[in-house]
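Counting convention: from 1, in listed order, for ligands and their atoms alike. This structure is a prediction, so every number in the text was calculated from the model and none was measured.
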Amino acid sequence: MTVSIGIIGTGMIGEEHARRITQSLTDGRIVAVSDVNADQARAVVDRLGLDARVYDSGLELIQADDVDAVMVTSWGGTHEEYVLAAIQAGKYVFCEKPLATTAQGCRNIIDAEIEGGQRRVQVGFMRRYDSGYQLMKEAIDANRLGEPLMIHAAHRNPTVPERYVTPMAIHDTLIHELDTFRWLLDDDYATAQVVFPRKTRHAHSKVEDPQIVLLETIQGVRIDVEVFVNCQYGYDIQCDVIGEEGIAHLPEPQSLTFRQAGQHSNEVLQDWKKRFGDAFDVELQAFIDGVANGTVDGPSSWDGYAAAIASDACVKAQESGQIESIEMPDRPAFYA
Ligand code: NAD
Ligand code: ISE
């Protein structure tokens, strides 16, 4: 079966996903696109040579009879409305992170999905499909490190645009770690705290940068994550899991080692597109295959909700300067 897909939001990642579905993956084709900026949608259709209809509104695209599955790649604040509309229309939906910008928004999606009686949503937590993180998960699950005790991590971007403000370090950037660590550890969060080191002169006025997020899980694992989104030198994702009997270090992306002009060096990637390119391929192929088989079982609405609960607590901690507690409700059997 070829899955006919409609994409809402044809900006940076929407175009990337449309390109990989059209040029690299199998069994999916883009039949519809929509963007509040219609010129942007038309430009993507032209650039990729898509045989796709451009819709004036995302809600109209969701209703189209020839759309089997919807991909929501618009700005985070618009996700909830589109995901709810897709569920109500009985369509499968891949939603880029965040599932919604608040935990309540995610809860609304969960309630609608449960009422519909079938899992329809996959959230764009692509790190679960990254081969390096998968090796870490296998090592932890096989007890090769003993019990995990601590995680030291860093999420660094070279720069961010003017519209990026302090809470986005949490709900746009840290949200990846919030999902990844609960998946790696099979645990949830109990508390969160955010501390602000000296501010870099490269950050604009509306973003505090860097930030250090301190998390404690229910099992007592302590996690520190440096979020530094104007680090200048590259896109750099670091993660060490410290266990009772060993340490696992997230593999560095493959790159040439240079010996040149008195230096011994490796290239540092500059953006998430290259760093997680392979993971995006596997993630979207899994979604397409899941739609074709009627079993979408990647990161779920529950995972989006759990990350959002922790994210809300971290944003509160940014404001309060205090250690904030995190209450995670019981997972419904529907998401077991
Ligand atoms: P972008 O600004 O490049 O593109 C977003 C597009 O959505 C724009 O073209 C905009 O016009 C359109 N849009 C905005 N509101 C809309 C609406 N109501 N209806 C239809 N279209 C609308 O942003 P981006 O970097 O592509 O990010 C989009 C989403 O993808 C965000 O949620 C972001 O967090 C996520 N993202 C995920 C990753 C990842 O690593 N998984 C990487 C980048 C972005
Ligand atoms: C962006 O939206 C992403 O999702 C990237 O993966 C992340 O590294 C970056 O910080 C976000 O802004």
Side-chain angles (χ1 to χ4, degrees), residues 6-20 32-45 54-62 70-83 85-86 94-101 105 122-130 133 153-165 167-180 207 209-211 225-231 234-239 269-284 287 298-299 304 307-308 311:
I7 297 200
I8 303 174
T10 52
M12 237 184 329
I13 205 162
E15 179 165 2
E16 275 286 298
H17 286 347
R19 184 192 53 71
R20 58 173 33 90
V33 296
S34 179
D35 194 292
V36 276
N37 177 353
D39 290 342
Q40 167 76 11
R42 276 189 286 272
V44 168
V45 168
V54 179
Y55 284 83
D56 289 338
S57 101
L59 294 175
E60 204 189 323
L61 174 151
I62 289 167
V70 178
M71 294 191 44
V72 179
T73 50
S74 48
W75 293 324
T78 68
H79 292 180
E80 180 186 348
E81 180 188 15
Y82 290 134
V83 174
F94 173 90
C95 180
E96 258 310 330
K97 41 67 57 174
L99 177 59
T101 47
Q122 179 173 326
V123 182
F125 287 136
M126 79 295 182
R127 289 193 189 183
R128 294 185 183 211
Y129 298 92
D130 174 74
Y133 279 114
H155 187 149
R156 304 192 186 108
N157 292 54
T159 56
V160 285
E162 285 284 321
R163 65 179 172 79
Y164 188 105
V165 291
M168 288 177 74
I170 305 296
H171 63 71
D172 193 64
T173 297
L174 181 81
I175 194 86
H176 285 296
E177 275 77 14
L178 290 174
D179 176 65
T180 305
V207 61
D209 190 42
Q211 304 182 22
V225 191
E226 169 202 315
V227 179
F228 188 11
V229 294
N230 291 279
C231 79
Y235 182 76
D236 192 9
I237 303 299
Q238 296 292 326
C239 179
L269 295 179
Q270 292 302 304
D271 63 42
W272 46 265
K273 291 182 202 161
K274 278 201 177 150
R275 173 63 182 83
F276 290 110
D278 292 344
F280 287 126
D281 284 348
V282 184
E283 167 193 57
L284 290 187
F287 176 68
S311 164

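Using a 4.0 Å heavy-atom cutoff, E15 is absent from the residues neighbouring ligand 1. For Y235, the heavy-atom gap to ligand 2 drops under 4.0 angstrom. Residue contact annotation: M168 has no non-hydrogen atom under 4.0 Å from ligand 2. Using a 4.0 Å cutoff on heavy atoms, F280 counts as a contact of ligand 1. Ligand 1 has no atom lying under 4.0 Å from any heavy atom of G58. Ligand 1 is never approached by E16 to a heavy-atom distance shorter than 4.0 Å. Note on ligand 1: F276 sits outside its first shell, no heavy atom being nearer than 4.0 Å.
With ring centers used as reference points, H17 lies under 6.0 Å from F94.
Nearest protein neighbour of atom 9 (C) of ligand 2, counting heavy atoms only, is N157 ND2, 3.4 Å. Atom 10 (O) of ligand 2 has T173 OG1, 3.0 Å as its closest protein atom, hydrogens excluded (heavy atom only). In terms of protein heavy atoms, atom 1 (C) of ligand 2 is closest to K97 NZ, 3.7 Å. D172 OD2, 2.6 Å is the protein heavy atom nearest to atom 12 (O) of ligand 2.
Annotation for D281: atom CG counts as buried by contact number, over 12 foreign heavy atoms lying within 6.0 Å. Shown here is K274, whose NZ atom has no more than 12 heavy atoms of other residues, nucleotides or ligands within 6.0 Å.
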Item checked: salt bridge (Lys or Arg N to Asp or Glu O under 4.0 Å) between D179 and K97, worked out -> CA-CA 10 Å; D179 176 65; K97 41 67 57 174; over 6 Å; no
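Contact annotation: for H176 versus ligand 2, heavy atoms closer than 4.0 Å belong to the side chain alone. Contact annotation: for M12 versus ligand 1, heavy atoms closer than 4.0 Å belong to both the backbone and the side chain. Counting heavy atoms under 4.0 Å from ligand 1, residue T78 touches it through the side chain alone. Under 4.0 Å from ligand 1, the heavy atoms of I8 that appear belong solely to its side chain. When non-hydrogen atoms are compared, ligand 1 lies under 4.0 Å from the backbone of K97 as well as from its side chain.
Some N or O of H155 is nearer than 3.5 Å to an N or O of ligand 2, by distance alone. Looking at W272 next to ligand 1, no N or O pair under 3.5 Å apart turns up. For ligand 1, one of its N or O atoms has an N or O atom of H79 under 3.5 Å away.
Ion pairing between a basic and an acidic side chain is recognised when a charged N comes within 4.0 Å of a carboxylate O; E16 and R20 show such pairing. Of the charged side-chain nitrogens involved, none lies within less than 4.0 Å of a carboxylate oxygen, so that D130 and R127 do not count as a salt-bridged pair.
Nearest heavy atoms, S74 versus H79: O-NE2, 2.6 Å. Residue V207 comes nearest to Y164 through the heavy atom pair CB-O, 3.7 Å, listed as atom of the first residue, atom of the second, then distance. Between S34 and A41 the shortest heavy-atom distance is C-CB, 4.4 Å.
Between S57, P161, S74, it is S74 that holds the heavy atom closest to atom 29 (C) of ligand 1.
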